[in-house]
There are 2 protein chains.
Amino acid sequence: MAQSGTPVWRSIRDTLASEIAQQGLRPGDRLPTEAQLSARFGVNRHTLRRAVASLVDEGLLRARRGSGVFVAMQPVEYAIGRHVSFHQNLALAGRLPGRRVNVTARRPADPVEAQALRILAGEEVWVSEGVSTADDQPIALYRTVFPAARFPGLDERLSRLSSVTAALNEAGLAEFLRAETRISAQTVTVAQALLLNAQEGQPLIVTQSVNTDMQGVPVEYGTTWFLSERVTLITRSEI
Amino acid sequence: MAQSGTPVWRSIRDTLASEIAQQGLRPGDRLPTEAQLSARFGVNRHTLRRAVASLVDEGLLRARRGSGVFVAMQPVEYAIGRHVSFHQNLALAGRLPGRRVNVTARRPADPVEAQALRILAGEEVWVSEGVSTADDQPIALYRTVFPAARFPGLDERLSRLSSVTAALNEAGLAEFLRAETRISAQTVTVAQALLLNAQEGQPLIVTQSVNTDMQGVPVEYGTTWFLSERVTLITRSEI
DNA sequence: TTAGATTTGTTCGTATGTATC
DNA sequence: TGATACATACGAACAAATCTA
């Protein structure tokens with residue numbers, strides 16, 4: 001029995017953690033199997049699993065049944081703040097931003113959208129839906145709506161240009177601000193799992209945000225479903 | 001047949017919505033079964049389900065297979081910003097804040113905590129764990145750690161006083177700032193479900209944050225698991 | 001496409017030390 | 001002191017997902 005105070009599983013945990021921290025194992029690498037590791041540390045498989053479980057909880061490791069235990073990919077750090085652009089944000093994080101547009105349409109605003117954009121329910125909006133990627137890996141689904149009356153021809157700009165910011169700029173809006181972001185969580189549906197190339201039931205971070213022009217008039221209302229596994233949202237105090 | 005423009009399901013929807021709005025049904029209440037409701041309105045169960053589905057989509061109702069349809073709790077709007085106090089935050093949202101402390105302990109910091117607090121791994125920290133409530137309903141689990149060397153006797157203050165802010169104030173820290181908040185999502189484990197009185201597999205919003213003193217030195221590192229069903233996080237631009 | 005081997009996940013059971021009442 | 005609960009650790013067996021020949 002462990003005569004010292006710290007349990008065996010805890011010291012194994014710290015050993016594994018420091019080996020990873022010292023870059024002996026890099027993100028995406030597979031750890032030796034539980035059988036091998038428990039043999040190496042001279043403990044029962046349960047004891048080793050206890051150590052691995054705590055690192056999985058911390059997000060340092062990721063276990064896949066039938067496959068192995070892997071060093072977790074470092075999630076994209078996505079800043080939500082006053083002045084945000086998806087492309088800029090990912091470029092700052094050292095990732096290659098991209099998107100795939102699935103839907104571009106013009107239709108009447110539903111009540112929620114109308115309230116957010118401060119237009120009348122039934123007034124028309126441009127809708128753009130698609131998948132956002134980082135380094136060609138899907139990280140989020142988005143749906144964003146714009147008041148159609150204010151931005152004639154925005155659909156063409158949205159499909160031609162690579163970013164929403166660029167499309168709005170060309171439509172005569174040089175700058176805009178994020179007014180408010182509401183954050184909740186859901187689990188992925190079957191349809192979302194397919195689009196994101198993810199597993200059903202995984203947690204999503206859902207943000208709903210309104211962007212306004214410099215006069216405070218809403219110009220965009222967007223919902224984004226971030227795959228939590230691949231993204232961490234960050235708010236920093238702007239001191 | 002409804003000769004007028006509005007579909008039958010839509011008027012049923014509006015009827016149900018207004019009954020809820022007029023407090024005939026309160027958050028948490030169970031609606032009559034679909035069979036009972038479709039009998040009451042004299043429509044097929046499919047028609048009634050269309051009405052209920054639209055209210056579920058809006059978030060006003062919540063359907064649980066095998067259990068019933070319930071009036072959704074109004075989620076607490078929880079602002080994350082530069083200057084945050086749980087009690088203050090909930091009071092602003094018109095809710096009664098509370099907490100139940102489950103654990104108060106002193107132990108060596110693990111590597112993650114040490115890095116966040118900018119102390120050495122193994123230096124001792126105070127740990128406080130518990131459940132946060134709004135109007136006596138659990139809305140979040142929290143774990144928060146403080147450098148023990150800087151705050152002798154903090155454990156006693158944490159258990160005696162009703163809020164972390166009050167405990168830190170009494171320990172000589174008049175004011176502190178939130179430096180950064182990282183946001184991710186998980187699904188609730190069995191243990192968490194018990195503490196939160198929630199269903200397994202529900203999504204959680206996880207925030208990890210560091211509070212610093214006015215000189216920028218970390219004084220608290222906290223993780224909070226918000227039950228997404230009961231809380232919406234909000235960041236507002238501080239213009 | 002199939003079958004089998006590999007690997008993690010889960011659930012039994014047993015035993016021991018430690019803290020609490 | 002005894003009784004009880006809890007955390008730790010080992011063992012065995014099987015389920016479920018994944019990979020490969």
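Quick note on labels: first sequence line is chain A, next is B, and so on, each numbered from 1.
Here CD1 of A/Ile183 is found 8.0 Å from CD1 of A/Ile205. Values are rounded to the nearest 0.5 Å.
Here C/dT7 presents its P atom at 12 Å from CG of A/Leu37, a figure rounded to the nearest Å. Atom-to-atom, CZ of A/Arg13 to P of D/dT8 comes out at 12 Å; the value is rounded to the nearest Å. If you take CH2 of A/Trp9 and P of D/dA9, they are 9 Å apart, rounded to a whole angstrom. One can place CG of A/Leu48 at 10 Å from P of D/dC10, the figure rounded to the nearest angstrom. Straight-line distance from the CZ atom of A/Arg10 to the C1' atom of D/dT8: 13 Å, rounded to whole Å. In this structure, A/Ile12 atom CD1 and D/dT8 atom C1' are separated by 12 Å, rounded to whole Å.
Atom CD of A/Gln74 has 12 or fewer heavy atoms from other residues, nucleotides or ligands within 6.0 Å. In B/Arg49, the CZ atom is not crowded: 12 or fewer heavy atoms of neighbouring residues, nucleotides or ligands sit closer than 6.0 Å. The environment of CD in B/Gln115 is sparse: at most 12 heavy-atom neighbours from other residues, nucleotides or ligands sit within 6.0 Å.
Axis angle across the helix from C/dT2-D/dA21 to C/dC21-D/dG2, with five pairs used at each end and values rounded to 10°: 10°.
A sub-4.0 Å separation between OP1 or OP2 of D/dG11 and a side-chain N or O of A/Asn44 is present. A sub-4.0 Å separation between OP1 or OP2 of D/dT8 and a side-chain N or O of A/Thr47 is absent. Phosphate contact (OP1/OP2 of D/dA9, side-chain N/O of A/Arg50, threshold under 4.0 Å): absent.
Using bins of under 30°, 30° to 60° and over 60° for the plane-to-plane angle, the ring pair A/Tyr78/A/Phe226 lands in the tilted bin.
Closest heavy-atom contact between B/Ala109 and B/Ile119: CB-CD1, 4.1 Å.
A/Phe86 does not carry A/Arg99 over the face of its six-membered ring by the limits of under 6.0 Å from the centre and within 45° of the normal.
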Could you go through nucleotides 13-18 of chain D and list every protein N or O atom that sits under 3.5 Å from one of its N or O atoms, giving the distance for each pair?
| from | atom 1 | to | atom 2 | distance (Å) |
| --- | --- | --- | --- | --- |
| D/dA16 | O4' | A/Arg65 | NH1 | 2.6 |

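Using a 3.5 Å distance cut-off with no hydrogens or angles, the side chains of B/Thr232 and B/Glu77 do not pair a donor with an acceptor.
Using a 4.5 Å cut-off on side-chain heavy atoms (C-beta onward), B/Arg143 and B/Trp225 make contact.
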